[in-house]
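See structure below.
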Amino acid sequence: MRDRTHAADAEPGMEATIAGWVHEIRDLGGIAFLILRDRTGRIQVKFEKDDLDDELVERGLSVHRESVLQVTGKVFEEDRAPTGVEIVPDSLEIVAEADPELPLDPSGKVGADLSTRLDNRTLDLRRAETRAIFEIRSAVLEAARDTFRELGGTEITTPKIVATGTEGGTELFPITYFGREAFMNQSPQLFKQLLAASGLERVFEIGPIFRAEEHNTPRHLNEATSIDFESAFIDAEEAMDVAETFLRSVYQAVESNCQDELETLGLAADFTVPEADFPRITYEEAIQRANATGVVDEQLTWGDDLPTEAEKALGEAIDQHYFITNWPAEVKPFYIKDEDDDPEVSTGFDLNHPRMELVSGGQREHRYDQLVEGFEAQGLDPAAFDYYTKMFKYGMPPHAGWGMGAERLLVTMLDLDNIREAVLFPRDRKRLSP
RNA sequence: GCCGACGUGUUGUAAUUCGGCGAUCAUACGGUCCUGUCACGGCCGUGAUCCGGGUUCAAAUCCCGGCGUCGGCGCCA
């Protein structure tokens, strides 16, 4: 459609062809208004019945909501119109009729359950609020790439079909690969390490990860988007610096570029870029503080994972993004390096929003002998990971990095109730389509 | 994997505690009136208790099974 004018670009005096969806029809008797919606906004089409061809009026007002229409006519300035202009049709074509009964209401007058919305995502995305979320998601991913490039990173894409998992086989989706057993990758972890040791040195990847955990919560997905960063010649502290810079940069971009969307979501007034210097508390402090809150039934001791309720209590107490550093070595995977002066303590860290965990990272074990020991300690066969371990024999620099859940970033940034809100077509324990 | 809650027209809901009126309201849909609506409005109308079994004079409501949805925990991004 070369001669199409978008709703927002219609100027008084011009002859325009507008194509879009019927948002609403208000028939007042002698005059009727049809609101046509496209991606740029809405424009009112005026039918003054005495002045127009009967057949055109009949056709224009007989369509159901969400039908696709193409209207050609003159654009007039009109103070009484919602956008200050309206179009008087000379001709009108019904491009695609919509059924009278819709599975949800795109005008937003009546609510719909999340499952109804996800079953009908196309219609759901005609709602301004849903669209705003995904416009912001797009801006977040753009800002993520820009930020990594500014930091000197090279964008990579690594295989999603793999022969072995990162940390064992239990959480992986098995598939058949030309008759061989294979899996959907749960993380680009091992690949990004191999690339940090390559000539690329500093890499990032934004891509899907697959987890076969049978959870059913507002913060888990079985297919999620992971924002991964890995760099040679940095340590855990520097990796945390990057995570913080990254997060603030993405928030900054949304604040600068997405005011309309934030307004639509009712967030414009409260949206702020998190302040720098996120608190960094050690795991030991974290369990002490969690114990002090009294929410945990049994006092946490060294080596316990932080239960969800403790994580929430901590988040409430700290009330901003914070790092938990120096996790016990025993709860972190083999590729996380231990502190040089204490093998019980690792360099692993998490970055949490008050509501949930966003990032997991750490300095990596780059020494071949210690790495192989780690495999064995975790009950894994190093031989199965030969493609990975052998590269540690050919000049593996110290390196560190992290992975951030893109959907969790959006959920916490936009205060969404459910992580499924942040994915167009979410995959969870029950949902496999659309 | 363990545990819990919920399932009513197109959509969102009320009634479910303590079984009992023609199953509420909004929205959509159909009809009708209306020349400045902007969640347009007025009047009239169509339309539903997830499926199967049981208890009872009587089941949306209680019991059992199934299916579906949502959530809590574990685990994690």
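In what follows, chains carry the letters A, B, and so on, assigned in the order in which the sequence lines appear, proteins first and then strands, with residues in each chain numbered from 1. Worth saying up front: this structure is predicted, and the values here are computed from it rather than measured.
Residue A/Lys49 is out of contact with every strand shown, counting any heavy-atom pair closer than 4.0 Å. At the heavy-atom level, A/Pro82 lies under 4.0 Å from base atoms of the strands shown. Among the atoms of the strands shown, base atoms are found under 4.0 Å from some heavy atom of A/Asp50. Contact annotation for A/Asp99: no contact, since no heavy-atom pair falls under 4.0 Å across all strands. Looking at heavy-atom distances under 4.0 Å, A/Glu407 makes no contact with the nucleic acid at all. In this structure, A/Ile35 reaches neither bases nor backbone, as no heavy-atom distance under 4.0 Å exists between it and the strands shown. At a threshold of 4.0 angstrom between heavy atoms, the contacts of A/Glu86 include nucleobase atoms, whether or not backbone atoms are also involved. Across all strands shown, A/Thr225 has no heavy atoms under 4.0 Å from either base or sugar-phosphate atoms. Within the nucleic acid shown, A/Leu358 comes within 4.0 Å of sugar-phosphate atoms alone, with no base atom in reach, counting heavy atoms only.
When the P atom is used for both B/rC62 and B/rC21, the distance is 15 Å, rounded to whole Å. Annotation: B/rU69 and B/rU11 have their C1' atoms spaced 16 Å apart (nearest Å). The same atom, P, is picked in B/rU8 and in B/rG1; the two are 26 Å apart, to the nearest Å. When the C1' atom is compared between B/rG4 and B/rG9, the two are found 29 Å apart, to the nearest whole Å.
The base of B/rC70 lies outside donor-acceptor range of the side chain of A/Arg429, with no N or O pair under 3.5 Å.
When distances run from any side-chain atom of A/Arg211 to the nucleotides B/rU37, B/rC29, B/rA77, the shortest one goes to B/rA77. Picking from B/rC73, B/rG71, B/rA77 the nucleotide with the shortest atom distance to the side chain of A/Thr308 gives B/rC73.
Within the shown strands, B/rC6 is the pairing partner of B/rG68 under the Watson-Crick or G-U definition, both distances less than 3.5 Å. Both distances falling under 3.5 Å, in either a Watson-Crick or a G-U wobble arrangement, occur for no nucleotide opposite B/rA15.
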